[in-house]
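First up is the structure itself, then whatever we jot down about it.
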Amino acid sequence: MPKLTIDGKLIEVEAGLTVLQACERAGVEIPRFCYHERLSIAGNCRMCLVEQERAPKPIASCAMPVMDNMVIKTDTEMVRKARRGVMEFLLINHPLDCPICDQGGECDLQDQAMAYGFGRSRYDENKRAVADKYMGPLIKTIMTRCIHCTRCIRFATEVAGVEEMGALGRGEHMVVTTYLEKALASEMSANVIDLCPVGALTSKPYAFEARPWELRKTESVDVMDAVGSAIRVDTRGREVMRVLPRLNEDVNEEWISDKTRYACDGLTRQRLDVPYLRKDGALRPMSWNDALKAAADRLKAAPGDRIAALAGDLSDAESMFALKELMTALGSPHVECRQDGAFLPADSRAGYLFNTTIVGIERADVCLLVGANPRWEAAIVNTRLRKRHLMGGFTVAAIGPALDLTFPVQMLGDGPKALAQIAAGTHPFSQKLKDAKAPMIVLGQGALARPDGAAVYAAARKLGELCQREGWNGFNVLHTAAARVGGLDLGLVPTGKLKDVNAILDAAASGALDVVYLLGADEIDMDRLGKVFVIYQGHHGDRGAHRADLILPGAAYTEKNGIYVNTEGRAQLAKLASAPPGEAREDWKILRALSEAAGKTLPYDTLADLRGALVKAHPGFARIGDVTPSSLGSYSGPAGSAMDAPFAHPIANFYMTDPISRASLTMSHCTEVFLNARAAKTGTHG
């Protein structure tokens, strides 16, 4: 390991680091614009200049590899003069519109001009102007501000995998643009806003809405998919103004998907803020006392085996635990969290987790996708797969519809037949899995939410057993619902004669059920509920509320404290960032009040008491932020026979998958720009 001296301090660093990284290890801050630790090195802003002993001129520390016995100085007059000169050149053409720029208050150029700049300009020539570019409904461009750091270009090419951005022209005529000036077609596109060190690329939906110093910042987790990305929720008053990524190396690094970032405007639309009861075919508002009494009367009048409950995809663990406790007290064994009908046994935890873990993808050498489209189902997982592809020595194959995942994919078939051949060892890819040092199989919900889900699952489990190595579990289930793993951990699967959601819906349609309780469950076919009395507890006037006979308004994920378990089994905390609207209440409080009205009072009065009971019954929920490895073992469950029908992906529209994103105006614009335009061009829909 090379040793070098930085500002008189001798340090030893790993070989292959740059001088800039070595300075950071030594605790010395080096200004930069073009350099970013997750992107390739460009070396074109020159703001990171430092002095190297015996070098004739300052060196660009971001592009200079460390060498033994280097002597680096970061605060000499030469360095200060070089940085002032670079900053002066950067500001020659930069417009002085800080008061109206959305980047104001969190702008790298502002901060570094104050810290390292000259304090005045010696140039009085006219500044150049650059025409703004169209990059879609999410990214606002004011390209006159661009300093040509090329971070956005490198992100689009290297991380997002859409080579649609570049620099055209030379010298003063150079411009950063999309080649065809069309919308940046990536589910991760808006991350360029965070990367841009100036106000050239800003958030179009957030434009002129707020200043950063006006906002209250709350660290939380995302629930738009099952990845559990670390986010920061910025609020002003009760309104969520924006959602930004937080650093979490094990999950999302520092990226988030466009849906995670922009669906938050749906939190203010179509909200349920008072209880409703259906009378004479119309929903009419009523008081909480009357609503709880009406719900309790219905539950008390029905025998336990004629009551069923479904937990939705955005439910937190505390509310699902309280729901199950209430249903158990009422004598109902029909509690279900798999509202899409996916076959996922809850008896073996490793049988429904992403066991490789998201960061573990970087260790894999072979990957088989079965009925999964990670680009839409888990965009962050797709970026990690692409990252592993760029490292080299990584083969990805898929069974299902043709995929465009931003990296090469070998298509092996479209349905269960190909999966059965690989599991039986008669397919050439079987040998590739056997020979791999760290193989992984990713089983998607599109392969499980079918009538033959049990057969598909059994074949995938057999393959999963071939993907076991010492210290490596290569069997992975890719979930699409933030609440799914938590619900399975809590055992929210029916234990009576109704084995799954389809059996529950059939029973409701046939009149075998009297009451169905929907805890934010909006993704089922409401027409199959027949004439059963439906109690809907949720936060949006979506499908469940349209069918409901009684509505109890709940809180969205930004309006409550809750635990969510992501697809890899990592329990994480979502924190309250704003208050629910009107008379809406947190979900566990509604269930606690309802249990008292029904004469089955749940034994907790505070969230701390509820979490204590939750952890006592399920200790895994106490390990916040950790993943506990699970052993897969052999599978002896039902298998059945597979159909010939090809797999179908469960998500037809990436931008609208839940009540919040369906209520989002921004997601509606994205659907129009990205999906409807593509459907019109290709003659397809969805």
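A donor-acceptor contact shorter than 3.5 Å links the side chain of Ser578 to the backbone of Arg238. When atom types are taken as modelled, the side chain of Asp265 and the backbone of Ser664 share no donor-acceptor pair closer than 3.5 angstrom. Judged purely by atom type and a 3.5 angstrom limit, Thr202 has no side-chain atom pairing as donor or acceptor with the backbone of Gly199. When atom types are taken as modelled, the side chain of His479 and the backbone of Leu353 share no donor-acceptor pair closer than 3.5 angstrom. Looking only at distances, no side-chain donor or acceptor of Arg528 sits under 3.5 Å from a matching main-chain atom of Ala508. A donor-acceptor contact shorter than 3.5 Å is absent between the side chain of Arg278 and the backbone of Ile551. When atom types are taken as modelled, the side chain of Ser315 and the backbone of Leu519 share a donor-acceptor pair closer than 3.5 angstrom. A distance-only check finds a donor-acceptor pair linking the side chain of Tyr457 to the backbone of Gly351 [under 3.5 Å]. Here the side chain of Glu568 pairs a donor or acceptor atom with the backbone of Ile358 at under 3.5 angstrom. In this structure a side-chain-to-backbone donor-acceptor pair under 3.5 Å is missing from His540 to Arg662.
The distance from the OH atom of Tyr517 to the OG atom of Ser332 is 13.0 Å, given to the nearest 0.5 Å. Note: Leu247 CG to Arg232 CZ = 13.0 Å, rounded to the nearest 0.5 Å. Once rounded to the nearest 0.5 Å, the distance linking CG of Asp222 with CG of Asn252 reads 8.5 Å. The distance from atom OG1 of Thr666 to atom CG of Asp258, rounded to the nearest 0.5 Å, is 10.5 Å. With values rounded to the nearest 0.5 angstrom, Lys324 atom NZ is found 14.0 Å from Ser319 atom OG. In this structure, CD1 in Ile256 is found 6.5 Å from CG in Asp194, a value given to the nearest 0.5 Å.
The shortest distance between side-chain heavy atoms of Tyr536 and Leu272 falls below 4.5 Å. Between Leu138 and Lys204 the shortest side-chain heavy-atom distance does not fall below 4.5 Å. Side-chain contact check for Val477 versus Gln445: some heavy-atom pair is nearer than 4.5 Å. In this structure, Trp255 and Pro245 have side chains that are not in contact, with every pair of non-hydrogen atoms separated by 4.5 Å or more. Within the 4.5 Å cutoff, the side chain of Asp452 has no heavy atoms near those of the Phe343 side chain. The closest side-chain heavy-atom distance from Met526 to His546 is not below 4.5 Å. Between Pro659 and Glu523 there is a side-chain heavy-atom pair separated by less than 4.5 Å. Inter-residue side-chain proximity for Leu607 and Trp588 is flagged as met; some heavy-atom pair is nearer than 4.5 Å.
Of all heavy-atom pairs between Leu513 and Ile307, the closest is CD2-N, 4.1 Å. Minimum interatomic distance between Val227 and Asn566 (heavy atoms only, all atoms of both residues): O-ND2, 2.9 Å. Scanning all heavy atoms of the two residues, the minimum distance from Leu330 to Lys600 falls at CD2-CG, 4.0 Å. Pairing each heavy atom of Arg236 with each of Ala210, the nearest pair is NH1-CB, 3.6 Å. Of all heavy-atom pairs between Thr558 and Leu267, the closest is OG1-CD1, 3.6 Å. Across every non-hydrogen atom of Ala378 and Asp225, the tightest pair is CA-OD2, 4.3 Å.
When the shell of 6.0 Å around NZ of Lys217 is examined, it contains more than 12 heavy atoms from other residues, nucleotides or ligands. Residue Lys497 places its NZ atom among 12 or fewer non-hydrogen atoms of other residues, nucleotides or ligands, all under 6.0 Å distant.
Asp273 pairs by the side-chain hydrogen bond (donor to acceptor under 3.5 Å, both in side chains) definition with nothing, not counting sequence neighbours. Qualifying side chain to side chain contact (heavy atoms under 4.5 Å, CB included) partners for Ala617, counting only residues two or more places apart in sequence or in other chains: Phe321. Arg592 is linked by a salt bridge (charged side-chain N to carboxylate O under 4.0 Å, His left out) to Glu596, Asp605, counting only residues two or more places apart in sequence or in another chain.
Looking at Arg585 and Glu583, no side-chain N of the basic residue comes within less than 4.0 Å of a carboxylate O on the acidic one, giving no salt bridge. With respect to the salt-bridge test (charged N to carboxylate O, under 4.0 angstrom), the residues Arg543 and Asp522 do not qualify. The pair Glu559-Lys589 fails the salt-bridge criterion, with no side-chain N (NZ, NE, NH1 or NH2) lying under 4.0 Å from an Asp/Glu carboxylate O. A salt bridge does not link Arg349 with Asp347: every distance from a Lys NZ or Arg NE/NH1/NH2 to an Asp or Glu carboxylate oxygen is 4.0 Å or more. The pair Arg242-Glu106 counts as a salt bridge, with a side-chain nitrogen and a carboxylate oxygen less than 4.0 angstrom apart. Between Arg611 and Glu318 there is a salt bridge, since a side-chain N of the basic residue sits under 4.0 Å from a carboxylate O of the acidic one.
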*Could you walk me through whether Arg547 and Val516 pass the side chain to side chain contact (heavy atoms under 4.5 Å, CB included) check?*
CA-CA 11 Å; Arg547 170 58 184 84; Val516 172; over 6 Å; no

*Between Trp376 and Asn382, is a side chain to side chain contact (heavy atoms under 4.5 Å, CB included) present by the stated rule, with each step listed?*
CA-CA 8 Å; Trp376 279 13; Asn382 196 65; over 6 Å; no

_Under the criterion salt bridge (Lys or Arg N to Asp or Glu O under 4.0 Å), I'd like the reasoning laid out for Arg338 against Glu336: C-alpha separation, chi angles, the key distance, then a yes or no._
CA-CA 6 Å; Arg338 304 163 299 182; Glu336 175 66 278; 2.9 Å; yes

*Worked verdict on Ile660 versus His539 for side chain to side chain contact (heavy atoms under 4.5 Å, CB included)*: CA-CA 9 Å; Ile660 298 174; His539 42 77; 3.9 Å; yes

*Can Asp489 and Tyr352 be said to form a side-chain hydrogen bond (donor to acceptor under 3.5 Å, both in side chains), step by step?*
CA-CA 10 Å; Asp489 284 347; Tyr352 58 81; 2.4 Å; yes

*Full working for side chain to side chain contact (heavy atoms under 4.5 Å, CB included) between Thr218 and Leu576*: CA-CA 8 Å; Thr218 306; Leu576 185 147; over 6 Å; no

*Which is it for Arg484 and Asp340 under the salt bridge (Lys or Arg N to Asp or Glu O under 4.0 Å) test, yes or no, and what are the steps along the way?*
CA-CA 10 Å; Arg484 186 64 51 81; Asp340 59 357; 3.2 Å; yes

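Ring planes of Phe674 and Tyr655: parallel class, angle under 30° (limits at 30 and 60°).
With Arg570 as reference, Val251 is the one residue of Asp626, Val565, Val251 to meet the side chain to side chain contact (heavy atoms under 4.5 Å, CB included) rule.
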